Engineer: 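The structure's right below; bear with me while I get my questions together.
It should be emphasised that the depicted structure is a prediction, and the values quoted were computed from it without experimental measurement.
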Amino acid sequence: TETSQTWCVCVQVFNDPIHGHIELHPLLLSFIDTPQFQRLRQIKQLGGVYLVFPGASHNRFEHSIGVGYLAGCLVQALNERQPELLITKQDVLCVQIAGLCHDLGHGPFSHMFDGMFIPKVRPGEKWKHEIASVQMFDHMVKVNGLEEVMVRHGLTLPDDLNFIKEQITGPLNNSSEVGNLYDLFYTRNCLHRRAYQHKVGNIIETMITEAFVKADPHIQIQGSSGRIFTISSAIDDMEAYTKLTDHIFEQILYSSAPELSEARAILHNIVCRRLYKCVGQTTTETHVDSSPEKLLDWAKEVACSKPSGTDANLIAEDFVVSVIHMDYGMKEKNPINSVYFYCKKDPTIAIKIRKNQVSKLLPECFAEQLIRVYCKKMDDKSLEAAKKYFVQWCMDRNFTKPQFKWYLCNNLQSTSQRRQRQGTKTPSMTEWRKNLGRN
């Protein structure tokens, strides 16, 4: 319980799976106990990754509570160490509310929705979940009468409302922490590479997206004033969007509507683990366009890259090309260049610290794209042929030498061993290209 001379506040205790027992102000509970926030219980934090790693089962609800708690800890620590900042209890509450509500706009399967589904069904739309988070926040405040509750707890409107929304949409550290920040971004990149962008999780989300695209015109969601919306148009109405969560997967899977048969079949294949197979991965030297239209063009190119000596005939519809973006959080930019640091000698002056002032072992490049090609056919003959199509396509486009264990192990290695016995060198790139046609 927190007590002042004029009022008493009874905090609520949560048993958080990460931080243990945490205390939350009753104003925060007013936001948590709304349909808009409770909706986050039904949205997986890591989307389709849960279907690869069973432990990745946490949702946006518990994540957001943790962010709200940590945001409050940060501001309270600043207040204790720098009382001259005159941080008020109301400031702390605003930061905590922003932390709580920063993910309100996520759709089904989190980043899959705004990163894969929306670009397919609404090409050219500049919609992102951060935009929806502010829209959902406004909707939440309005329909639940939260303005009155905020005023009751000392917040000033509309200034504090604007302050909260600025934190949701927008992007202090001690100078000795710069190395830790580089470690943080490196760890983030590793998690994306090893888990969040796992090749199986990636294709599961691609298949879910395909199913949602086919189901989109046939799903009806009632929104404000009784209007009906589809999966893709629900983002235009927050009342309808409140009803859109991961449950749409089961709604399609267990439906009997004939118009959902194609979408239902795709989701059934996911459940039965009949997934499209990855036939190879490569990278590019320069940034490439990864729009849905470009990926379809590349699938056509792969289908036209039939190497000599290959019997199986594959078409563009047999391939899926996926471009994975790996970075440190700011695309090709070094995120540390956007951070200001404070020295102990003079904590009133903010400075920037460049990479060369930290270490020579830091990365030169902060972003790359991985290109993965999947084959929808699952028989052995088609898969072996698809791998060769992929390699031929990489060579035609001068992409980086593909990562494909089947070829390295079964062809180049045995060729190398034969040449070593003959006292000759390992194959050159030209010879490697010739080997593809023979093998």
Side-chain angles (χ1 to χ4, degrees), residues 1-4 6-41 43 45 58-106 110 129-173 184 238 242:
T1 302
E2 180 184 338
T3 307
S4 73
T6 57
W7 48 272
C8 177
V9 174
C10 296
V11 299
Q12 178 74 40
V13 178
F14 282 72
N15 187 11
D16 186 86
I18 303 297
H19 308 292
H21 290 90
I22 62 176
E23 296 180 349
L24 294 181
H25 190 280
L27 177 57
L28 305 184
L29 297 181
S30 298
F31 284 85
I32 292 172
D33 295 337
T34 63
Q36 293 73 32
F37 193 88
Q38 293 293 320
R39 164 183 180 268
L40 299 179
R41 290 182 184 271
I43 297 177
Q45 176 79 12
H58 53 297
N59 53 53
R60 292 279 167 187
F61 178 85
E62 57 205 52
H63 163 75
S64 296
I65 288 179
V67 173
Y69 166 71
L70 289 178
C73 291
L74 172 64
V75 181
Q76 288 167 355
L78 286 174
N79 185 43
E80 292 171 3
R81 297 176 186 180
Q82 294 180 266
E84 68 275 11
L85 296 177
L86 302 178
I87 296 173
T88 66
K89 293 179 180 178
Q90 287 68 36
D91 292 332
V92 175
L93 286 173
C94 287
V95 173
Q96 287 181 300
I97 292 170
L100 273 180
C101 299
H102 78 287
D103 272 351
L104 288 177
H106 269 294
S110 291
H129 74 268
E130 292 89 352
I131 297 172
S133 291
V134 172
Q135 293 173 339
M136 186 66 84
F137 177 78
D138 285 336
H139 177 67
M140 169 197 282
V141 170
K142 180 180 179 181
V143 300
N144 295 285
L146 294 178
E147 286 190 352
E148 180 183 340
V149 183
M150 296 170 78
V151 171
R152 193 187 314 145
H153 286 283
L155 271 63
T156 303
L157 305 185
D159 292 349
D160 284 338
L161 273 175
N162 292 332
F163 176 44
I164 292 168
K165 289 189 282 188
E166 286 171 0
Q167 294 175 78
I168 293 174
T169 56
L172 295 170
N173 306 284
L184 182 150
M238 289 299 106
T242 301

Engineer: Tell me whether Glu84 at atom CD has more than 12 heavy atoms from other residues, nucleotides or ligands lying less than 6.0 Å away.
Structural biologist: yes

Engineer: Hey, are the side chains of Leu24 and Ile65 touching, using non-hydrogen atoms and a 4.5 Å cut-off?
Structural biologist: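 Yes; the side chains approach each other to less than 4.5 Å.
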
Engineer: State, yes or no, whether a side-chain contact exists between Ile32 and Phe14 at a heavy-atom distance under 4.5 Å.
Structural biologist: yes

Engineer: Evaluate the side-chain contact (heavy atoms from CB on, under 4.5 Å) criterion for residues Thr242 and His139: first the C-alpha distance (whole Å), next the side-chain angles of each, then the deciding distance (0.1 Å), finally the verdict.
Structural biologist: CA-CA 10 Å; Thr242 301; His139 177 67; 4.2 Å; yes

Engineer: Decide yes or no for Val141 and Phe31: does some side-chain heavy atom of the first lie under 4.5 Å from some side-chain heavy atom of the second?
Structural biologist: yes

Engineer: Could you check whether any side-chain heavy atom of Leu27 comes within less than 4.5 Å of a side-chain heavy atom of Val149, counting everything from C-beta outward?
Structural biologist: yes

Engineer: So Leu28 and Ile97, do their side chains get closer than 4.5 Å, heavy atoms only?
Structural biologist: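 Yes, close enough: below the 4.5 Å cut-off.
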
Engineer: Roughly how far, to the nearest 0.5 Å, is the CE atom of Met136 from the NE2 atom of His106?
Structural biologist: 12.0 Å

Engineer: Got a second to check how far Glu23's CD is from Asp16's CG, nearest 0.5 Å?
Structural biologist: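 It is 13.0 Å, given to the nearest 0.5 Å.
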
Engineer: Could you tell me the separation between the CD atom of Gln82 and the CG atom of Asn79, rounded to the nearest 0.5 Å?
Structural biologist: 9.5 Å

Engineer: Hey, can you tell me if His153 and His25 have their rings parallel, tilted or perpendicular (30° and 60° cut-offs)?
Structural biologist: perpendicular

Engineer: Can you measure from CZ (Phe163) to CG (Leu93) and round to the nearest 0.5 angstrom?
Structural biologist: 11.0 Å

Engineer: Any side-chain heavy atom of Pro26 within less than 4.5 Å of one from Gln12?
Structural biologist: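 Side chain of Pro26 against side chain of Gln12, heavy atoms only: no contact under 4.5 Å found.
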
Engineer: Got a second to check how far Asp33's CG is from Leu29's CG, nearest 0.5 Å?
Structural biologist: 6.0 Å

Engineer: Would you say that Thr156 contacts Gln90 through its side chain, given a criterion of any heavy-atom pair below 4.5 Å between the two side chains?
Structural biologist: no

Engineer: Applying side-chain hydrogen bond (donor to acceptor under 3.5 Å, both in side chains) between Ser110 and each of His63, Gln45, His129, Arg60, report the one that passes.
Structural biologist: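 Output: one option passes, namely Arg60.
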
Engineer: Just wondering, are more than 12 heavy atoms of other shown residues or ligands nearer than 6.0 Å to CG in Leu85?
Structural biologist: yes

Engineer: Any heavy-atom pair between the side chains of Asn144 and Pro35 that's under 4.5 Å?
Structural biologist: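 Result yes, sub-4.5 Å side-chain heavy-atom pair found.
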
Engineer: Enter the distance from Cys94:SG to Ile87:CD1 here, rounded to the nearest 0.5 Å.
Structural biologist: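 The SG atom of Cys94 sits 12.0 Å away from the CD1 atom of Ile87.
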
Engineer: Would you please test Gln76 and Val92 for side-chain contact (heavy atoms from CB on, under 4.5 Å) and show each step?
Structural biologist: CA-CA 7 Å; Gln76 288 167 355; Val92 175; 3.8 Å; yes

Engineer: Report the C-alpha separation of Ile168 and Glu130 in whole Å, then their side-chain angles, then the decisive distance to 0.1 Å, and conclude whether the side-chain contact (heavy atoms from CB on, under 4.5 Å) test is met.
Structural biologist: CA-CA 7 Å; Ile168 293 174; Glu130 292 89 352; 5.8 Å; no

Engineer: Pair Ile43, Asp103 - check side-chain contact (heavy atoms from CB on, under 4.5 Å), show working.
Structural biologist: CA-CA 10 Å; Ile43 297 177; Asp103 272 351; over 6 Å; no

